[in-house]
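Order of the sequence lines sets the chain letters (A, B, ...), proteins ahead of strands, with each chain counted from 1.
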Protein chains: 4
Amino acid sequence: VSSLQLAFARIGLDWNDAVFTSAHNRSLSEVVGWAKRMPKVGILTDQKNTPSVIAKTLLDCGIADCRAVVAENLGMENEEIIDTHLEQLPLVDSGPLNVLMLLRDNDWRPWPAFSPRSIDSYVHLRGLITKRDVRTLVLARLALRETDIVWDIGAGSGAVSIEMAELAWRGRVYAIEKERENVECMEKNVAKFGTLNVSIIHGTAPDALTKLERPSAVFIGGTGGAVVSILQYIDNSTAPSCKLVACLSTLENLVKFMNILKELGWIVDVTQTGISHSRQIAGMTRFSPLNPVFILSAQKQGNV
Amino acid sequence: VSSLQLAFARIGLDWNDAVFTSAHNRSLSEVVGWAKRMPKVGILTDQKNTPSVIAKTLLDCGIADCRAVVAENLGMENEEIIDTHLEQLPLVDSGPLNVLMLLRDNDWRPWPAFSPRSIDSYVHLRGLITKRDVRTLVLARLALRETDIVWDIGAGSGAVSIEMAELAWRGRVYAIEKERENVECMEKNVAKFGTLNVSIIHGTAPDALTKLERPSAVFIGGTGGAVVSILQYIDNSTAPSCKLVACLSTLENLVKFMNILKELGWIVDVTQTGISHSRQIAGMTRFSPLNPVFILSAQKQGNV
Amino acid sequence: VSSLQLAFARIGLDWNDAVFTSAHNRSLSEVVGWAKRMPKVGILTDQKNTPSVIAKTLLDCGIADCRAVVAENLGMENEEIIDTHLEQLPLVDSGPLNVLMLLRDNDWRPWPAFSPRSIDSYVHLRGLITKRDVRTLVLARLALRETDIVWDIGAGSGAVSIEMAELAWRGRVYAIEKERENVECMEKNVAKFGTLNVSIIHGTAPDALTKLERPSAVFIGGTGGAVVSILQYIDNSTAPSCKLVACLSTLENLVKFMNILKELGWIVDVTQTGISHSRQIAGMTRFSPLNPVFILSAQKQGNV
Amino acid sequence: VSSLQLAFARIGLDWNDAVFTSAHNRSLSEVVGWAKRMPKVGILTDQKNTPSVIAKTLLDCGIADCRAVVAENLGMENEEIIDTHLEQLPLVDSGPLNVLMLLRDNDWRPWPAFSPRSIDSYVHLRGLITKRDVRTLVLARLALRETDIVWDIGAGSGAVSIEMAELAWRGRVYAIEKERENVECMEKNVAKFGTLNVSIIHGTAPDALTKLERPSAVFIGGTGGAVVSILQYIDNSTAPSCKLVACLSTLENLVKFMNILKELGWIVDVTQTGISHSRQIAGMTRFSPLNPVFILSAQKQGNV
């Protein structure tokens, strides 16, 4: 399978600083992830994920137009090099096995490595969204790896799910949400930001968790009341290294979480936020406070 | 230069999911970065950065032992494949041009994509370190890209520099600090966490800035009094897209920054933190507050 | 002038535990103050402030109905004792010099000695009122005496003025306010709570201050921009023991106050409030934050 | 008993603006209270509380030296007027029934009506004292009347007791504290500030409460663990109008209080404080936060 190398050779480009990836047998989220990060990407396409399909997906996920080269039937008689742009590709017909190369010029810059968004960036039902600074502190406590599998229980409109998915871009986030209206917001947000590695699940925890991959991290934004059974389910089904972070706005839920987790043998740590933002009024600077939130973070004893 | 591909073929491994990089003409920081992120890495070595030198660097930077294969003189008569472990490599003598492959098993997990550290993780002079949650909020505002060039003015013991360098791992952080004692702390911290892309500069801003690459982001942790000249220098020497974030603990400096930046035509936004952490006392949970800090973030008008 | 003693003797009551006061030559605010505090009060009336006028004032000021005895022409031939109730008195015709006695039964309780009110208690333009907890902290810093003369500059709807007047009930509060709409709110509030020792002044500081008694304490709720001249005027016209407290919501005004006062040789101390109140939602307890406010308190150097 | 009037007549002073009180059958705390508040006070003395005893008490309680006149055997042959100063009186021998007059000049000012003290003003075991601003907010919520009877459960070093006693100066504060060391601090503090209407009780609630007067307000600064029995005892033994305020620093105690009080039918309201004070460092102003505290205030349903 030297086709990737061959493809770069055909257009006279050094491939040592390229990243090679494949659209074969997994979702295209990793292809999108590389396209966000690296200036030169070589992609092996297949019958399902043709250059045209991939290009459409990349554009939908927010990748800007760039030089795109499709190398067809490399080394064969009917070899063809289509040197065009990403935005042209959806119209291009190509064979089943190709190499697609994305090539950016020197001005190109990768996407931010970490950049939580303002709440206005997301579609959400009024008030039902974790504020940017709180999300930021949550993400810091989760300490996600690029390959993590995450459960987001009570995912709401998906802001935390999406930003977890952007850090764990080679992993997957399962976003469980029981309210249809929130699920609809989340679908719009995931589409808008092109985070293909968010799997939206319309259901109720802990039932909705039973069919999912074992997570390496869990975030709880809301529990719908079933705190005990959810925490017990998490305790039973996660590895000792699993991190749990929860955002709680009520005293009662906070103390309930603390008590249950302590009984289950987890070490619990709580942060209370009290963050104010400046507002300009008549050329002067006032501060406007966010609602205080409790961020609980926990890990099984002996694993902190 | 198909040696990288050939090397993987020699040991019977698929290279499509490997990342290839080179130790040729730049610091080894990118090699370290890939080794932290990807399970399969192929590295072209050179006369200066031999497999032995690279292995030593990787181990110093915290990369865990793993299978390491050196392919020497590939395709030539004296071709040799040394299939060993990273920790053995520093002792191995090898030719000038080789391929070094790092190969991890299925259990291997990459380093956290984002995980600000507790202040106890860093050597620091008492009190002179930005607290973890404040650092987290700073990093969110900087919205760094993996390739960013950053100035950290008044870098202190380097905690922010190091964590910026971990996000901008294919870029570089210039950490300017005027106090010798702080520089010594920073040197220890950079060594401890293996962030080779932090350049420590013992000097005073704005003088120490004149020889540096133009930054895409600036963080100010301290100014040593020269607020006006530093901000003017930044205004003159940065692109309109450059982000500026500063941590200020005094009212006077905050208002000074705001006034100067507004005069220079920047849009300024301030966050005041009021964060408390839980402390267990006699089985009960109290809250202990951090000192409130002002986080100023600014961008040139028309670029927010 | 043993008429007061005689009056109590006439109705067979011990006067040792009564307080005697006079409606002669001052406003009735002190009469009201005693009626709020003490169960047995003897009042010398005069031609202007007759029992009928006093009773009307007391009822307007919120004093509850009670036994009220008017002793007319004591010791003279036409002596008359009218033993009735406060609410009947406005209809009673009596001579020019009488004794009015207020007599409460054992269940009677004085008014609270210190009880700042919720903002809903006051008529105010939306937002333009100091919050209860902030007022409380302001009053603590002013450390008013019952006889203090206070200036309230930028008195707004008068909440702070009224509560200062309730502590300095034998003194007087001059409430300066430049907006007509606020003055109207203040007039309603002063009427509602019967604080006769608040003098409302519709005018602009420092001009409006020139004709006023020298104060023993100054509160600034707003300056209308003339910060420098107001603070200089206060510095010139107050005794060294005078306390100054100001509520500031903007950074710019805070730093301006601090700088000017320091230059004038005052010692300045600032408190920033970050207070949250519980709210019950679906049987659970959340916290809702007040806007943070800076409370500046200052005194001339050497007098702290 | 016209001796009071006669006494003032003897020295040619108008007594209409004087307050008369008696040292007969109650503690001297009310005498002290009047002496703090009013410029002219007439006191009927008795065999136990002679002018000499009263003078000593007043001086101990912090009343400054002033003109003091003792009128002995008024209207009798052996009538004697001793016109002297308060500080001389302890040495003066006088008969069993006298009138003592305190007379202040025009410069005299009463004590502050409300002025919570800094923690440095009180002897206390390190940390075990309610901070000034928190005490202030507590006192505002208690809304004490001058005649209130208050229980202070877990009174610690007595700072709150003393300041409640200063507002309820014609009432009484029962300060219950179980730790001997705290009781000793409290004794020193009560002596220092001359609050004779604080009754210190070395004991444990609810047992120590059984013999006390029924309170019109209750403050809880600490419970020593017996939360349930203390709150039930308070619920049983107080009138519906009784106010309850508690300072709680732990989440667990807060939620316990809330739950028990709600079950008992009380309406509960919680304030969380987050107050910072300015500190000058190198001519610049930083803020230093107090530990956050929960102030719970409650009243029986239907009485809020």
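Contacts with chain C (heavy atom to heavy atom, under 4.5 Å) involve no residue of residues 132-145 of chain A. Within residues 287-297 of chain A, the residues having any heavy atom closer than 4.5 Å to a heavy atom of chain C are A/F287, A/S288, A/P289, A/L290, A/N291, A/P292, listed by residue number.
Taking CD of C/E252 as the start and CZ of A/R286 as the end, the distance is 10.0 Å to the nearest 0.5 Å. Distance check, rounded to the nearest 0.5 Å: CG of A/L254 to OG1 of C/T285 gives 11.5 Å. We find the NZ-CE distance between A/K256 and C/M284 to be 6.0 Å, quoted to the nearest 0.5 Å.
The ring pair (Phe, Tyr, Trp, His ring centres under 6.0 Å) search around C/W266 returns none, not counting sequence neighbours. Qualifying ring pair (Phe, Tyr, Trp, His ring centres under 6.0 Å) partners for A/Y233, counting only residues two or more places apart in sequence or in other chains: none.
Both the backbone and the side chain of C/S249 come within less than 4.5 Å of a heavy atom of chain A. With a 4.5 Å cut-off on non-hydrogen atoms, A/S276 touches chain C through its side chain but not through its backbone.
Atom CD of A/E181 has 12 or fewer heavy atoms from other residues, nucleotides or ligands within 6.0 Å.
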